[in-house]
There are 2 protein chains.
Amino acid sequence: MTTVLIVDDQPLQRYAFRILLESVPETDVVGEAAHGAEAVRMTAELRPDVVLMDVRMPGMDGIEATRRIVAAGDRSRILVLTTFDLDEYVHAALRAGASGFLLKDARPEELLAGIRAVAAGDAVIAPALTRRILDEYARSRPATGRDPDDDPRLTGLTDREREILEAIGKGWTNGEIAAHFVLSESTVKTHVGRVLAKIGARDRIQAVIFAYDIGLARPNAG
Amino acid sequence: MTTVLIVDDQPLQRYAFRILLESVPETDVVGEAAHGAEAVRMTAELRPDVVLMDVRMPGMDGIEATRRIVAAGDRSRILVLTTFDLDEYVHAALRAGASGFLLKDARPEELLAGIRAVAAGDAVIAPALTRRILDEYARSRPATGRDPDDDPRLTGLTDREREILEAIGKGWTNGEIAAHFVLSESTVKTHVGRVLAKIGARDRIQAVIFAYDIGLARPNAG
DNA sequence: CCCCGCGTAGTACCCCGGTACCACCCGCCC
DNA sequence: GGGCGGGTGGTACCGGGGTACTACGCGGGG
């Protein structure tokens, strides 16, 4: 049974959510709040599994309420809902610690599925919003810079070993490397062992640092 | 009507997808490919609306195939499917330009909904994976100062844990960290465990990479 | 005053990583 | 033909890493 707190300034909207959630056996509405401050207080008190949080509300809005609930250490997962898919809302909500962001025009099943996912510790984003995030995600890439290819410390490595080193630099386990290159884990271990010996690293962690030092691996952000 | 190309090395798996997609009127399977190279060729030829792409395949895998299809300028949307929720797969697939990433254990309705969304230009990610994407997203978005001190991902760490994370970033073993801070190795393990949990790293290697990403650790040579 | 966050420390357990050693195949070159 | 390097694969072993759980002292805030 998933306990849910409904937060929305419009009584009719709360009513609609309540009707929907009570129509299925798996969710149980344990309370309703009409604004952010009330949401924070009731979350601390009722400890719902999921908080259905509207963004636009008079007084404290849903974003700030989300931030405070997360900061307070409450374990409740927060699913943010809005009528508008404004970028800033999404960014702010997710950075505030929300576990999900859906549009109010979602179909009932989608909403229920979202609550289920969030309650399970997963996260959900409305498909229409996911694209933007992925676009940014894909764009935040290359711009290589200087070339690690001719680094003298790499000349001793064979092509295969160099690939393996790159994989190590990405933080992959031996099993993942094996899967990616379609090899047995034994073979990967053999390669890894030779790489470590050649670059003078005592373990794969030193190899990761080595990869960053020579520019074979690069930070993703920050 | 949405045209779909099925890419998977296992005939039975392709069969299952075909049966599912042909059971609904809105999708039409226009072809099947057994490996990456074939997928690239058939996509250019058939111009399907959606490519259902398996990741693990002998020869060219789904990631590389996705990359080539996108690079070729084909308008087909690519929905990547895998049995394993390995981090790297998700990252690589999305960077390669995929419009979605689902797990094969998804329920049929989820899969169909995913295809619908992708065909409509939206994007989908399996709920179980969305959380990671959001973490990365929130991480890449802020674009604040270069100072790791106020990085939002560090705010949850205590001073001690931050010191430990720095030590991990230097590649130190638990024993070395214990010696440096004059602690027992048990205590170090406790701290390390908490750090990993808080930053969402599965092992210290991911923590090293994390430290480099946020600028807590920096490359030594060039 | 009592609780809680933090730092410290321990035990028990399991798995992955790393090493040592061996083996086979292939292409290349003497 | 024989040697050799690179790639692949295996077995066996062990130590460190990670997790789960427990515990205790301390200082600060309700």
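What you see below is based on every heavy atom in this structure, not just the backbone, and it leaves out hydrogens, waters and symmetry mates. The sequence lines fix the lettering, A, B, ..., with proteins before strands; numbering per chain opens at 1.
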For nucleotides 17-20 of chain C, which of its nitrogen or oxygen atoms have a protein nitrogen or oxygen under 3.5 Å away, and what is each distance?
residue	atom	partner	partner atom	Å
dG17(C)	N7	Lys189(A)	NZ	3.3
dG18(C)	OP1	Arg204(A)	N	2.5
dG18(C)	OP2	Arg204(A)	NH1	2.7
dG18(C)	N7	Lys189(A)	NZ	3.2
dG18(C)	O6	Lys189(A)	NZ	2.8

Measure from [atom1] on [X] to [atom2] on [N] and round the result to the nearest Å.
{"X": "His191(B)", "N": "dG5(C)", "atom1": "NE2", "atom2": "P", "value": "16 Å"}
{"X": "Leu165(B)", "N": "dG7(C)", "atom1": "CG", "atom2": "P", "value": "14 Å"}
{"X": "Glu176(A)", "N": "dC16(C)", "atom1": "CD", "atom2": "P", "value": "11 Å"}
{"X": "Leu183(B)", "N": "dG7(C)", "atom1": "CG", "atom2": "P", "value": "11 Å"}

Residues forming a side-chain contact (heavy atoms from CB on, under 4.5 Å) with Arg160(B), sequence neighbours excluded: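 Only Thr158(B), Glu163(B), Phe181(B), Leu183(B), His191(B) meet the side-chain contact (heavy atoms from CB on, under 4.5 Å) criterion with Arg160(B).
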
Tell me whether the OP1 or OP2 atom of dA9(C) has a side-chain N or O from Ser184(B) closer than 4.0 Å.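 For dA9(C), OP1/OP2 do have a side-chain N/O of Ser184(B) under 4.0 Å.
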
With a 4.0 Å cut-off, would you call [X] and [Y] a salt bridge?
{"X": "Lys170(B)", "Y": "Glu166(B)", "result": "no"}
{"X": "Arg14(A)", "Y": "Glu38(A)", "result": "no"}
{"X": "Glu185(A)", "Y": "Lys189(A)", "result": "no"}

N/O donor to acceptor pairs below 3.5 angstrom from side-chain atoms of residues 62-73 of chain B, sequence neighbours left out:
residue	atom	partner	partner atom	Å
Glu64(B)	OE1	Arg67(B)	NH1	2.5
Glu64(B)	OE2	Arg68(B)	NE	3.0
Thr66(B)	OG1	Gly62(B)	O	2.7

Under 3.5 Å: donor-acceptor pair, side chain of [X], backbone of [Y]:
{"X": "Asp54(A)", "Y": "Met57(A)", "answer": "no"}
{"X": "Ser76(A)", "Y": "Val50(A)", "answer": "no"}
{"X": "Gln206(B)", "Y": "Gly171(A)", "answer": "yes"}

Just checking, is any N or O donor in the side chain of Asp49(A) or Thr3(A) under 3.5 Å from an acceptor N or O on the other one?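 A pair is found: one side chain offers a donor N or O, the other an acceptor, under 3.5 Å apart.
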
Under 3.5 Å, is there a donor on one side chain and an acceptor on the other for Thr187(A) and Ser184(A)?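 Their side chains do contain a donor-acceptor pair, which is all the 3.5 Å distance test asks for.
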
Between which nucleotides of DNA chain D, 5' to 3', does chain A make heavy-atom contacts below 4.0 Å?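 Range of nucleotides touched by chain A: dG6(D) to dT11(D).
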
Please classify the nucleic acid contact of Ser186(A) as base, sugar-phosphate, or nothing, using heavy-atom distances under 4.0 Å.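 Since a base atom lies under 4.0 Å of Ser186(A), the category is base.
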
Does Thr187(B) reach a base, just sugar-phosphate, or nothing at all? Heavy atoms under 4.0 Å.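 Touches a base.
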
Applying ring pair (Phe, Tyr, Trp, His ring centres under 6.0 Å), can you list everything that pairs with His35(B), at least two apart in sequence or on another chain?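 So His35(B) forms no ring pair (Phe, Tyr, Trp, His ring centres under 6.0 Å) with any residue.
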
Can you give me the bend angle of the helix from dC1(C)-dG30(D) to dC30(C)-dG1(D)? Use the axis through the first five pairs and the one through the last five, nearest 10 degrees.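 Inter-axis angle at the ends, rounded: 20°.
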
So which one's nearest nucleotide on DNA chain C is more toward 5', Arg194(A) or Val182(B)?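 The 5'-side residue here is Val182(B).
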
